[in-house]
Amino acid sequence: MSGVELIAELTDICIRQAEIIKAQQYVIEQFGEQVREEQALAERNRLRELVGDWEA
């Protein structure tokens with residue numbers, strides 16, 4: 001394998017790794033948003049338990 005071929009192969013590996021990292025980042029962001037929504041719902045439910053339904 002020539003130096004040029006080796007560099008091309010390593011470049012391709014780096015590009016594929018970057019794509020994987022971007023996909024992982026997206027999934028982590030989505031999971032984080034879901035966790036924040038679940039926490040907010042739990043906090044609203046706890047508040048309703050303490051003070052009742054304030055929307056009525």
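Keep in mind that the numbers below use all heavy atoms, side chains included, and drop hydrogens, waters and symmetry copies.
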| note | Separation between CD1 (Ile15) and CD (Gln17), nearest 0.5 Å, reads 11.0 Å

| task | Examine Ile7 and Met1 and state if one hydrophobic cluster contains both, with Ile, Leu, Val, Met, Phe, Trp and Tyr joined whenever side-chain heavy atoms are less than 4.5 Å apart. | result | no

| Under 3.5 Å, is there a donor-acceptor pair between the Glu29 and Gln25 side chains? | yes

| task | Please round to the nearest 0.5 Å and tell me the distance separating atom CG of Asn45 and atom CG of Leu50. | result | 11.0 Å

| Under the salt bridge (Lys or Arg N to Asp or Glu O under 4.0 Å) test, residues paired with Glu33 that sit two or more places apart | Arg36

| query | Step by step, would you call Glu5 with Glu9 a side-chain contact (heavy atoms from CB on, under 4.5 Å)? | reply | CA-CA 6 Å; Glu5 292 171 330; Glu9 185 67 27; over 6 Å; no

| remark: Glu49 meets the salt bridge (Lys or Arg N to Asp or Glu O under 4.0 Å) criterion, sequence neighbours left out, with Arg46

| task | Using only heavy-atom distances, determine whether the side chains of Glu43 and Gln39 contain a donor-acceptor pair under 3.5 Å. | result | no

